J.: 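Below you'll find the structure I mean.
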Amino acid sequence: MSKNPFPLDKQGLLEAYRTMRTIREFEERVHNEFAKGDIPGFVHLYAGEEASGTGIMMHLNDRDRIASTHRGHGHCIAKGVDVKEMMGEIYGKAMGSCRGKGGSMHIADLSKGMMGANGILGAGAPLACGAALAAKFRGDGGVGISFVGDGASNQGMFLESLNLAAVWNLPAIFVVENNGYAESTSREYAVAVDSYVDRAAGFGLPGVTVDGTDFFAVYEAAGEIIKRAREGGGPALLECKMIRFFGHFEGDQQTYRGKGEVEHIRANQDCIKLFADKVLDAGVIKRPELEAIDKEIVKLIDEAVITAKAAPLPTAKDLMTDVYVTY
Ligand SMILES: Cc1ncc(C[n+]2csc(CCOP(=O)(O)OP(=O)(O)O)c2C)c(N)n1
Ligand SMILES: [Mg+2]
């Protein structure tokens, strides 16, 4: 047996692989099913970005809360939301995570600490501050994490939240998922600073930039930041530089992307392939072990699609349930 050079034991490595592969298979399948015209609304896919959500979420438990973005499927899966209920939600069915009333951009499961995907850019950041404030009052060591894209990082709500988290010394973490584009606008055009670490410093927060296609880089940086927040060390920003495989939304013609750009990144910067190469080369995991997981996941996602398609829609009498909460 080879010596394990990784920060996770074999079981942890297999878990990381399973989560990333589940996200990838889910997204590739939604891409194909959406093209058939059966899925209502808009979907934004997380394929290519799996190492970020997975590397962060592996440090969390159900008491920790996250606020996601419009590109939220990967965050949901990594936070433990049931994939069949997620698929049901995407198809708008009554068995969905939000009883079919939210769709892709509102999938939530509070029992898992998943406060929701969010169609409003930057809106997750104040929610994460609220969750972090609650955890601080409770003194339970929980954290609140907000994900935000490079484009959304220009939103006032996000910047105000950085300040709030710093002045209240909240166990809040702001993850900038920098995939280089906001819809078709390049980051270079729209964001004045080269590094989000500089932006964080302006608000009094420590920041770290990592290669978001490297699971281990994300896992280690997130681990330090989350541990510090749990121990009362306050908020931080983590920038993950990453790549999206698909268009901004399904149907995007991607005319703003270079010729061969997607083929190149799929061949050379696929975070799952990079992860698999590392663990196989080190001899810690054998290829058949990964292939067995691949097989299980294809079956799971297949069942999720079949179940979601066959499931009933919500009925008119369900219209007003789970919509408003009276406190
Ligand atoms: C407040 C607000 N403004 C604009 C939009 C429209 N919109 C949806 S996604 C998007 C681009 C987001 O880019 P980024 O934050 O980089 O995330 P990515 O899509 O790259 O993951 C825009 C402008 C919105 N949903 N909310
Ligand atoms: Mg972006």
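In this text, all values refer to a predicted model and were calculated from it rather than measured experimentally. Order of listing sets the numbers, starting from 1, for every ligand and every atom in it. Only heavy atoms go into these numbers, but all of them, side chains included; no hydrogens, no water, no symmetry mates.
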J.: Considering only the protein, which heavy-atom contact is closest to atom 15 (O) of ligand 1, and what is its distance?
T.: A152 N, 2.8 Å
J.: Is E33 salt-bridged to K309, going by a charged N under 4.0 Å from an acidic O?
T.: yes
J.: Do you know which N/O/S atom name in D150 is closest to the Mg ion (ligand 2)?
T.: OD1
J.: As an exercise, state the distance from CZ of F275 to CG of D277, rounded to the nearest 0.5 Å.
T.: 11.0 Å
J.: Do P235 and N169 have side chains that get closer than 4.5 Å, going by heavy atoms?
T.: yes
J.: What is the nearest protein non-hydrogen atom to atom 17 (O) of ligand 1, stated with its residue, atom name and distance?
T.: H70 CE1, 3.4 Å
J.: Have a look at ligand 1 and work out which part of R187, if any, has a heavy atom under 4.0 Å from it: side chain, backbone, both or neither.
T.: neither
J.: According to the interplanar angle, ranging from 0 to 90°, do the rings of F215 and Y219 count as parallel (below 30°), tilted (30 to 60°) or perpendicular (above 60°)?
T.: parallel
J.: Measure the acute angle between the ring planes of H248 and H70, then classify it against the limits of 30° and 60° as parallel, tilted or perpendicular.
T.: tilted
J.: Looking only at protein heavy atoms, which one is nearest to atom 14 (P) of ligand 1, and what is the separation?
T.: G151 N, 3.5 Å
J.: What atoms in ligand 1 come closer than 4.0 Å to a heavy atom of H248?
T.: 9 (S), 10 (C), 11 (C), 19 (O)
J.: Taking the inter-plane angle between the rings of H31 and F246 on a 0 to 90° scale, is it parallel (under 30°), tilted (30 to 60°) or perpendicular (over 60°)?
T.: parallel
J.: Could you tell me the residue and atom name of the protein heavy atom closest to atom 25 (N) of ligand 1, and the distance to it rounded to 0.1 Å?
T.: G119 O, 2.7 Å
J.: Give me the residue, atom name and distance of the protein heavy atom closest to atom 26 (N) of ligand 1.
T.: L121 N, 3.2 Å
J.: Please verify the inter-ring angle class for Y181 with Y256; under 30° counts as parallel, over 60° as perpendicular, anything in between as tilted.
T.: perpendicular
J.: Answer with side chain, backbone, both or neither: which part of N179 has a heavy atom less than 4.0 angstrom from an atom of ligand 1?
T.: side chain
J.: Does the side chain of D150 come under 3.5 Å of the side chain of S153 through a donor N or O and an acceptor N or O?
T.: no
J.: Can you list the atoms of ligand 1 that are under 4.0 Å from a heavy atom of A182?
T.: 11 (C), 13 (O), 16 (O)
J.: Any N or O of Y181 that comes nearer than 3.5 Å to an N or O of ligand 1?
T.: yes
J.: How long is the gap from CZ on F216 to CG on L13, to the nearest 0.5 Å?
T.: 5.0 Å
J.: What's the shortest distance from atom 6 (C) of ligand 1 to any protein heavy atom, and which residue and atom give it?
T.: E183 OE2, 3.9 Å
J.: With nothing but distance in play, are any N or O atoms of I120 less than 3.5 Å from an N or O of ligand 1?
T.: no
J.: Is the number of heavy atoms from other residues, nucleotides or ligands within 6.0 Å of CG (D194) greater than 12?
T.: no
J.: Just to be sure I read this right, does ligand 1 sit under 4.0 Å from the backbone of R71, its side chain, both, or neither, counting only heavy atoms?
T.: side chain
J.: Strictly under 2.8 Å, is any N, O or S atom of N179 next to the Mg ion (ligand 2)?
T.: yes
